[in-house]
Amino acid sequence: MKQFLKKIIVFSVIVMVIFVGYELLLLLVPNEYSYKKGYIDKHKDELRILVLGNSHLADCIDCSLLGEGAFNAAQPGRSVYYSLRLLKEYIGQMPKLECVVMPFSYGYQYSGCLHEKKHDPKFNTYRCMYIKYMGYPYLDGEWWHWSEILNSNYDHCGRLFGALYKPLSDLIICDSLGMELDASYDNREDDWMLRQLPDTTHLADSTEQRLNYQDNVKIYSEMVTLARDHHKRLIFLAMPIYKTARERVRQYRFDEMNAFISMLKRINPDIEFYNFIDDPRFVERDFYNSVHLNNTYGAQKITPILREIIERKR
């Protein structure tokens with residue numbers, strides 16, 4: 001019996017060493033989370049334009065078209081909570097920062113992760129990557145999500161073993177200024193216009209999403225207060241959507257969107273909101289799916305428009 005227990009202990013120690021070694025080796029393999037955090041740390045003294053938010057900007061804001069000192073720090077699936085954490089950390093360390101660009105569209109006031117997605121494997125992946133590579137726990141003290149083996153579906157095995165035969169730069173799925181590379185015109189599916197169609201339910205009817213709303217009032221309010229107190233422009237963009245998505249969005253959702261922006265403007269009258277949802281300049285080839293522009297034609301169209309907005313009030 002003692003011999004058996006001894007073997008179990010030895011085996012457990014070996015497994016634990018492999019487990020810890022695997023997790024630590026992953027820290028040496030670059031990804032877009034560590035890349036974007038590292039870029040901001042390295043260039044915070046020279047950044048003028050900081051793009052935050054989720055895939056709606058990560059996929060299509062080409063910062064090479066915005067002039068020097070622009071960086072796209074947006075990431076797919078990002079809750080506004082993480083954008084606030086990043087902004088709180090850096091806004092006082094960026095002496096040249098002129099403006100912060102964020103997405104905001106219909107339903108964003110109900111969008112979050114803590115309540116309706118707390119058991120979603122994809123959310124656990126985001127939670128893990130933000131803790132491990134950016135140092136942002138979703139709730140203070142939730143460091144048990146640090147392990148990629150236990151929490152992440154972000155192909156950690158492929159990243160680790162890919163590093164053995166690929167240049168490390170090839171493991172980062174964004175360009176040097178942060179735009180995501182996978183949402184290209186050539187990569188979109190044949191049924192792209194039916195992908196990620198908006199939900200048609202009334203979001204306010206969901207208990208979880210009402211709780212998200214309460215959280216988001218606090219989070220967005222703190223964000224616009226930060227911009228006001230540091231005298232930085234805060235620009236919100238409602239990005240274009242394709243007609244298949246537009247047909248599913250009822251007017252009350254736009255009314256709620258505008259009401260939420262009006263609430264934020266009472267805190268900081270200087271915030272800017274630009275609505276491109278129905279902008280006729282964006283046509284079929286500009287989209288990656290029903291609600292995202294692609295990084296090919298869409299980026300070449302929306303980014304110069306954003307640059308014009310930024311330079312208009314400089």
Verify same cluster id: Tyr185, Tyr242 (apolar side-chain graph, 4.5 Å) = no
Does one hydrophobic cluster hold both Leu306 and Tyr288, with members joined at side-chain heavy-atom distances below 4.5 Å?
->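 Not linked; separate clusters.
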What are the two closest heavy atoms between Asn216 and Phe260, and how far apart are they?
-> O-CZ, 3.9 Å
Which atom names give the shortest non-hydrogen contact between Leu97 and Cys99, and what distance separates them?
-> CD1-O, 3.6 Å
Quick one: is the NZ or CZ of Arg253 closer than 6.0 Å to the six-membered ring centre of Tyr106, and within 45° of its axis?
-> no
Kindly confirm or rule out a cation-pi arrangement of Arg188 over Trp192, judged by NZ or CZ under 6.0 Å from the six-membered ring centre and within 45° of its axis?
-> yes
Could you tell me whether the side chains of Lys37 and Tyr90 share a donor-acceptor contact shorter than 3.5 Å?
-> yes
Using atom types as modelled and distance alone, determine if a side-chain donor or acceptor of [X] lies under 3.5 Å from a backbone N or O of [Y].
X	Y	answer
Ser184	Thr296	no
Ser83	Gly53	yes
Thr244	Met193	yes
Lys132	Glu23	yes

Among all residues two or more places apart in sequence or in another chain, which pass the side-chain hydrogen bond (donor to acceptor under 3.5 Å, both in side chains) test with Ser55?
->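 side-chain hydrogen bond (donor to acceptor under 3.5 Å, both in side chains) list for Ser55, sorted by chain: His292.
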Let me have the donor-acceptor pairs involving side chains of residues 59-74, under 3.5 Å, with sequence neighbours excluded, atom names and distances please.
from	atom 1	to	atom 2	distance (Å)
Asp62	OD1	Ser64	N	3.1
Asp62	OD1	Ser64	OG	2.6
Asp62	OD2	Ser64	OG	3.4
Asn72	OD1	Ala74	N	3.1
Asn72	ND2	Leu57	O	3.1
Asn72	ND2	Ile61	O	3.0

Just how far is it from atom [atom1] of [X] to atom [atom2] of [Y], taken to the nearest 0.5 Å?
X	Y	atom1	atom2	value
Arg248	Lys243	CZ	NZ	15.5 Å
Gln93	Asp45	CD	CG	8.5 Å
Asn275	Ser105	CG	OG	7.0 Å
Glu256	Gln109	CD	CD	5.5 Å
Tyr22	Leu160	OH	CG	5.5 Å
Tyr274	Glu308	OH	CD	10.0 Å

Are Ile241 and Phe282 close enough, and set up right, to give a side chain to side chain contact (heavy atoms under 4.5 Å, CB included), and what steps lead you there?
-> CA-CA 8 Å; Ile241 62 177; Phe282 295 91; over 6 Å; no
Of Tyr126, Tyr133, Tyr130, the one forming a ring-ring contact (aromatic ring centres under 6.0 Å, His included) with Tyr82 is Tyr130
Evaluate the side chain to side chain contact (heavy atoms under 4.5 Å, CB included) criterion for residues Glu148 and Met129: first the C-alpha distance (whole Å), next the side-chain angles of each, then the deciding distance (0.1 Å), finally the verdict.
-> CA-CA 8 Å; Glu148 291 185 68; Met129 300 302 285; 3.8 Å; yes
Take atom NZ of Lys265 as the centre, draw a 6.0 Å sphere, and report whether it contains more than 12 heavy atoms from other residues, nucleotides or ligands.
->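 Above 12, so yes.
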Is any side-chain N of the basic residue among [X] and [Y] closer than 4.0 Å to the acidic one's carboxylate O?
X	Y	answer
Arg48	Glu98	yes
Glu89	Arg85	no
Lys88	Glu222	yes
Arg246	Asp278	yes

How far apart are the C-alpha atoms of Arg228 and Val224, what are their side-chain angles, what is the distance that settles it, and do they pass the side chain to side chain contact (heavy atoms under 4.5 Å, CB included) test?
-> CA-CA 6 Å; Arg228 181 195 67 200; Val224 300; over 6 Å; no
Does the pair Phe287 and Tyr297 meet the rule for a side chain to side chain contact (heavy atoms under 4.5 Å, CB included), with working shown?
-> CA-CA 8 Å; Phe287 290 89; Tyr297 303 108; over 6 Å; no
